[in-house]
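Reviewing the structure listed below.
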Amino acid sequence: MKKSHPLRRIVLAGAATVSGIVLLLSLKPASDPAAASADGASQQQPAAPQGSGGVQAAGGTEAQTLTGDVVKTDYGNVQVRITVAGGKITSAAALQSPTGGRSTQVSTDAVPKLNRAAVTAGTADIDAVSGATYTSGGYKKSLQSALDKAGAAGAAGATGGGSAEASGTGGGTGGTGGDASGSGAGAGAAQAKTVTGKAVTTDYGPVQVRVTVTGGKITKAEAVQQPKGGRSDQISADAVPKLNAAAVAAGNADIDAVSGATYTSGGYKESLQSALDQAGG
């Protein structure tokens with residue numbers, strides 16, 4: 001057959017068409033599972049940072065659990081543990097409280113109220129529970145010591161950034177130039193004040209109390225005058241130390257009378273109150 005024959009040209013054109021179709025079919029894109037999987041993974045990828053970010057935000061405020069000092073009272077020990085988060089008391093519990101006889105009943109009634117009061121107030125400046133003066137006084141003192149530890153831990157963290165930064169803060173806040181401890185001392189350390197109450201006359205002799213108040217708290221109490229002579233010496237020797245301890249524990253003049261020393265106790269409380277009035281407490 002000649003090269004220029006019409007039939008030859010038709011056959012060659014047909015063969016070229018078939019080859020082209022086969023080639024196109026072989027190049028047609030198919031659904032690629034691997035590609036689809038990779039695409040799906042790339043769409044889901046942003047979810048991971050979102051989840052980790054939520055955990056980090058939730059853990060941003062670290063809770064701190066602190067245990068106060070054991071405070072001895074005439075009816076037993078009192079010790080408080082608190083949890084502080086974000087500068088606030090979030091929970092409070094008494095690890096120790098007076099037990100035995102009526103003390104168990106008193107503690108059962110008073111401690112939950114004191115716990116709630118501590119969380120609500122956020123400080124140790126809470127009211128004593130009626131009928132539980134000693135327990136309340138011990139609770140407040142232990143609570144304050146726990147708060148002091150929380151404050152000390154916070155101060156240590158704040159000053160850990162370096163002395164130069166602390167010095168700048170002290171100069172700006174305390175107005176003492178470069179004294180780094182100046183602002184801390186000015187804010188945290190309270191000046192002690194010693195005041196003497198009025199002399200109260202009783203049937204057995206005068207009673208007069210002197211107290212030292214620091215930061216709004218009674219840190220020391222003593223009787224400057226007390227009934228003396230005969231049996232009064234024995235009564236005063238027994239009652240006055242208990243009254244002194246009660247005044248420090250309670251932080252006010254709302255303390256129980258010592259059994260067998262009614263007059264001395266009454267005079268002590270009246271003189272104590274007058275001393276607190278002078279101190280502004």
Side-chain angles (χ1 to χ4, degrees), residues 70-78 94 97-111 113-114 117 121 124-144 192-281:
V70 176
V71 178
K72 295 181 179 180
T73 76
D74 286 357
Y75 296 96
N77 295 339
V78 180
S97 57
T99 57
R102 176 162 164 71
S103 293
T104 300
Q105 179 182 348
V106 172
S107 293
T108 301
D109 173 69
V111 168
K113 295 178 182 178
L114 293 167
D125 185 17
I126 57 178
D127 292 334
V129 175
S130 178
T133 304
Y134 287 95
T135 299
S136 300
Y139 187 102
K140 291 169 65 175
K141 193 170 183 180
S142 183
L143 172 59
Q144 185 60 58
K193 182 192 294 185
T194 300
V195 289
T196 303
K198 66 181 181 180
V200 178
T201 303
T202 75
D203 288 354
Y204 295 94
V207 178
Q208 189 174 27
V209 180
R210 176 183 294 157
V211 296
T212 300
V213 178
T214 308
K217 292 171 27 180
I218 300 175
T219 55
K220 183 179 179 182
E222 57 184 335
V224 180
Q225 295 188 62
Q226 60 197 34
K228 295 181 179 179
R231 178 159 163 72
S232 292
D233 288 336
Q234 181 181 348
I235 293 174
S236 294
D238 174 67
V240 169
K242 294 179 180 179
L243 292 166
N244 291 338
V248 173
N252 55 50
D254 184 19
I255 58 178
D256 292 335
V258 175
S259 178
T262 305
Y263 288 96
T264 299
S265 298
Y268 187 102
K269 292 170 65 175
E270 187 176 345
S271 182
L272 172 60
Q273 185 60 62
S274 72
L276 292 174
D277 291 340
Q278 294 177 51

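All values below were derived from every heavy atom in this structure, side-chain atoms included, with hydrogens, water molecules and symmetry-related copies excluded.
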key: Set of residues satisfying salt bridge (charged side-chain N to carboxylate O under 4.0 Å, His left out) with respect to Asp127, sequence neighbours excluded   = none
request  = Would you mind reporting whether Ile126 and Tyr139 have side-chain heavy atoms less than 4.5 Å apart?
outcome  = yes
note = In this structure, CG of Asp233 is separated from CG of Asp238 (nearest 0.5 Å) by 12.5 Å
ask   = What are the two closest non-hydrogen atoms of Leu276 and Asn252, and how far apart are they?
value = CD1-CA, 3.8 Å
ask   = Quick one: side chain to side chain contact (heavy atoms under 4.5 Å, CB included) partners of Val200, sequence neighbours excluded?
value = Lys198, Glu270, Ser271
request  = Show your reasoning for whether side-chain hydrogen bond (donor to acceptor under 3.5 Å, both in side chains) applies to Gln273 and Asp277.
outcome  = CA-CA 6 Å; Gln273 185 60 62; Asp277 291 340; 3.0 Å; yes
request  = Sequence neighbours left out, what pairs pass ring pair (Phe, Tyr, Trp, His ring centres under 6.0 Å) with at least one residue falling in residues 217-262?
outcome  = none
message = Measuring from atom CG of Leu243 to atom NZ of Lys269, what distance do you get when rounded to the nearest 0.5 angstrom?
response = 9.5 Å
query = Just by distance, do the side chain of Lys217 and the backbone of Gly251 share a donor-acceptor pair under 3.5 Å?
reply = no
Minimum heavy-atom distance Ile218-Ala247, with the two atoms named = CD1-O, 3.6 Å
task = For Lys141, check side chain to side chain contact (heavy atoms under 4.5 Å, CB included) against everything at least two apart and list the hits.
result = Val71, Val248
ask   = Just by modelled atom types, is the Ser232 backbone N or O under 3.5 Å from a matching donor or acceptor in the Ser236 side chain?
value = yes
note = Contacts of Lys242 meeting side chain to side chain donor-acceptor pair (under 3.5 Å) (sequence neighbours excluded), chain-then-number -> none
Could you list the donor-acceptor pairs under 3.5 angstrom formed by side chains in residues 221-230, with sequence neighbours left out?
residue, atom, partner, partner atom, Å
Gln225, NE2, Gln208, OE1, 2.9

query = Do any pairs count as a ring pair (Phe, Tyr, Trp, His ring centres under 6.0 Å) and have a residue in residues 217-253, sequence neighbours left out, and if so which ones?
reply = none
ask   = Excluding sequence neighbours, so at least two apart, what forms side chain to side chain contact (heavy atoms under 4.5 Å, CB included) with Lys72?
value = Asn77
query = Any ring pair (Phe, Tyr, Trp, His ring centres under 6.0 Å) pairs touching residues 240-259, not counting sequence neighbours?
reply = none
remark   = For Thr194, the side chain to side chain contact (heavy atoms under 4.5 Å, CB included) test, sequence neighbours excluded, returns Arg210, Thr212
key: Pairwise ring pair (Phe, Tyr, Trp, His ring centres under 6.0 Å) hits with a residue in residues 222-246, at least two apart   = none
task = Measure across Ala246 and Ile255 and return the closest heavy-atom pair with its distance rounded to 0.1 Å.
result = O-CG2, 3.6 Å
Can I get a per-line list of side-chain donor-acceptor pairs under 3.5 Å for residues 257-267, giving both atom names and the distance, sequence neighbours left out?
residue, atom, partner, partner atom, Å
Ser265, OG, Val258, N, 2.9
Ser265, OG, Ala261, O, 2.7

